[in-house]
**Q** 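Take this structure first; my questions come after.
Worth saying up front: this structure is predicted, and the values here are computed from it rather than measured.
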Amino acid sequence: MSEERSGANILVESLVRQGVEFVFGYPGGAVLPIYDALFQDERIRHILVRHEAGAAHAAEGYARATGKPGVVLVTSGPGATNAMTGVADAFMDSIPLVVITGQVPTSVIGSDAFQEADTIGMSRHCTKHNYLVRDPAQLAATIDEAFQIATTGRPGPVLIDIPKDVQIASALWHDGAPQRHIRYNPRERAEAGDIARAVSMIAAAERPVLYTGGGVINSGPRAAELLRELQAKTGAPVTSTLMGLGAFPADSADWLGMLGMHGTYEANMAMNQADLIVCVGARFDDRVTGRLDAFAPNSLKIHIDIDRSSINKTVHVDLPLVGDCAQVLAQILDGLGDHQTRDLSDWKARIDGWKQRNSLSYPRSEDAIAPQYAVQRLFEMTRDRDPIISTEVGQHQMWAAQHFHFFAPNRWLTSGGLGTMGYGLPAAIGAQCGHPDKLVIDIAGDASIQMNIQEMGTATQYRLPVKVFILNNEWMGMVRQWQELTYESRFSNSYSDSLPDFVKLAEAYGWKGIRIEDESQLDAGIQGMIDHDGPVIVDCLVAKDTNCFPMIPSGAAHTEMLLHGDEVVGTVSDEAKALV
């Protein structure tokens, strides 16, 4: 059936047709027609954030926790500019978003009209694609294509800029299923000959490592299942980037932990000494590789990635396999069939030796709570609840990655590529919307939590029982650590002076506030947080000068790790230290 509808109503109908449940946004003049259409339609639930950056991060959290695309709706000008950090964050971490921005009427575009910004130009480098829709008759097709681009291939944000007059003008609306557009058709399966070569390389490897990333999770739950099957078939140890945690269970004997700058000694040494690295859905980020000329110097490298541009971008690989992680892993498993892989007992014995270094050890004191211990207790006391964990960015983020363990995908939400302080609270809100019955916890730092702390009001309004667990050391902890290690302890503007009373702040927003000042209070405080059926802030006062180890200084190699106690494994050059 076809009928005339306003552009705003066509937009809403198109979102409903895409199965959209939530829209995260903030109204303004240039999107009032859309908000009026939403007011009259109860099929989509709008979540009113307190800042447009919160809208984008909440949509990211929803997308990562549910596997569905997140949807953002903001006004023109400052609405769009405020959201752009979250858009860039989603682009770096391959998170599917559809971002709808209002724009001034078409007749005044380019005239510096009130609240006009060049949203298309501004977003060009941090979106997969963007559109300026000038005709309401093009809205439905544009939205269908935007969702297709955002969710297929390498996921990412797509932005649709809609002038106000286009929202008001009428066009024909046609009922029916979303249209699939053939001009975007990413490759999903690798070539048969390349698969055969990969099978031979895997079967012959004596020191293989499976190096996994966020692409395994973005591909969907089947990819994580196939990764586990490949590991069981080959016996190869598994490591992961920050973004890939949860794709492989942390309680496996063959789990090496996270690799890279704050990864484990065994993960980094295994990568350095491997004869074959199978990279699955990762991109050889600089936080992982360290100094490029020293990265895995004697290994062959297979790279599975759906984004052709990521292959050979920073590290030359011997065999690229362009395709979706799940489909390519299935092809490799089919190819392995009854192939006998090598006996890896010698390799695993070497890895066991590296594990004996206990690189995640940390100091304990009777005078202050060790932040690592606080994270460990949080993990142990919530493990049976299978929680979703978000983080802000900083030391607490790395301690969470090291000491909170994950056994399934879509439980770990963090900002990787862009490293966005303020990500965790709105991301937790988005995740809680998608999983209303789940325990959702934002592990935060006292500085980072304040970046988007206004989103406490969003949680209150929608009765979302998110929990915030602050590791409060009264510093911008990672900045302080770098200043200590590389700038002779010149702590320039890294001290968090004039912190709020987080307990009183919680109460002001209608939350429960809990303060933990001593290790003896830790378990009771965590239990109180778990038991409360509404939102909670826990202000956990931890040791103020604890550093996050292991650490590979920027520009150093995997063999140049700093461990607890300032022990240096290998030699850290002055040049490498200067690059931190």
**Q** Can a donor-acceptor pair be found, under 3.5 Å and without considering hydrogens, that links the side chain of Q397 to the backbone of G419?
**A** no

**Q** Using ring centroids (six-membered ring only for Trp), state whether F379 and H403 fall under 6.0 Å.
**A** no

**Q** Enumerate donor-acceptor pairs with a distance under 3.5 Å from any side-chain N or O in residues 439-446 to protein atoms, sequence neighbours excluded.
**A**
from : atom 1 : to   : atom 2 : distance (Å)
D442 : OD1    : S390 : OG     : 3.4
D442 : OD2    : L425 : N      : 3.3
D446 : OD1    : N473 : N      : 3.0
D446 : OD1    : E474 : N      : 3.2
D446 : OD2    : S496 : OG     : 3.1

**Q** Ignoring hydrogens and geometry, is there a side-chain-to-backbone donor-acceptor pair from K313 to R308 under 3.5 Å?
**A** no

**Q** Quick one: does any side-chain atom of R411 pair with a main-chain N or O of P409 as donor and acceptor, under 3.5 Å?
**A** yes

**Q** What do the steps show when you test T234 against T341 for side-chain hydrogen bond (donor to acceptor under 3.5 Å, both in side chains), and what is the final call?
**A** CA-CA 6 Å; T234 62; T341 55; over 6 Å; no

**Q** Tell me the closest heavy-atom pair linking L344 and E206, and the distance in Å.
**A** CD2-O, 3.4 Å

**Q** Is the backbone N or O of A190 less than 3.5 Å from a side-chain atom of Q331, with the two atoms forming a donor-acceptor pair by type?
**A** yes

**Q** What's the shortest heavy-atom distance between G416 and L242, and which atoms?
**A** CA-CD2, 4.1 Å

**Q** Does a donor on one side chain sit under 3.5 Å from an acceptor on the other, for S345 and D343?
**A** yes

**Q** For the pair D346 and R207, find out whether any cationic side-chain nitrogen is under 4.0 Å from an anionic carboxylate oxygen.
**A** no

**Q** If you apply the rule side-chain hydrogen bond (donor to acceptor under 3.5 Å, both in side chains), what do you find for N272 with T559, and how did you get there?
**A** CA-CA 7 Å; N272 184 267; T559 52; 4.8 Å; no

**Q** Checking the side chain of H262 only, and the main-chain atoms of P550 only, is there a donor and an acceptor separated by less than 3.5 Å?
**A** yes

**Q** Any luck finding a side-chain donor-acceptor pair between N547 and R480 under 3.5 Å?
**A** yes

**Q** I'd like to know if the side chain of Q432 and the backbone of K438 have a donor-acceptor N/O pair within less than 3.5 Å.
**A** yes

**Q** Taking the ring of Y362 and the ring of W399, is the distance between their centroids below 6.0 Å?
**A** no

**Q** Exactly one of V317, I311, V322, D324 should register a side chain to side chain contact (heavy atoms under 4.5 Å, CB included) with D305. Which one does?
**A** I311

**Q** Is it true that, when you exclude D293 itself, more than 12 heavy atoms of the residues, nucleotides or ligands shown sit nearer than 6.0 Å to its CG?
**A** yes

**Q** Hey, do the aromatic rings of Y423 and H57 have their centres closer than 6.0 Å?
**A** yes

**Q** Hey, are E225 and R228 close enough for a salt bridge, meaning a charged N less than 4.0 Å from a carboxylate O?
**A** no

**Q** Considering all heavy atoms of both residues, which atom of L541 and which atom of I369 are nearest to each other, and what is their separation?
**A** O-CD1, 3.5 Å

**Q** Please give me the minimum heavy-atom distance between M243 and T414, naming the atom from each residue.
**A** CE-O, 3.7 Å

**Q** Residues in ring pair (Phe, Tyr, Trp, His ring centres under 6.0 Å) with W412, at least two apart?
**A** F406

**Q** As a test of understanding, state which of L321, V199, V328 forms a side chain to side chain contact (heavy atoms under 4.5 Å, CB included) with D194.
**A** L321

**Q** What are the two closest non-hydrogen atoms of V87 and T127, and how far apart are they?
**A** CG1-CG2, 3.7 Å

**Q** Quick check: does any side chain N or O of S415 sit under 3.5 Å from a backbone N or O of M421, one acting as donor and the other as acceptor?
**A** no

**Q** Taking all atoms of both residues into account, what is the closest heavy-atom pair of V216 and A247, and its distance?
**A** CG1-CB, 3.7 Å

**Q** Would a distance-only check, ignoring hydrogens and angles, find a side-chain to backbone donor-acceptor pair under 3.5 Å from E392 to G424?
**A** yes

**Q** Are a donor atom and an acceptor atom from the side chains of S310 and R154 found within less than 3.5 Å of each other?
**A** yes

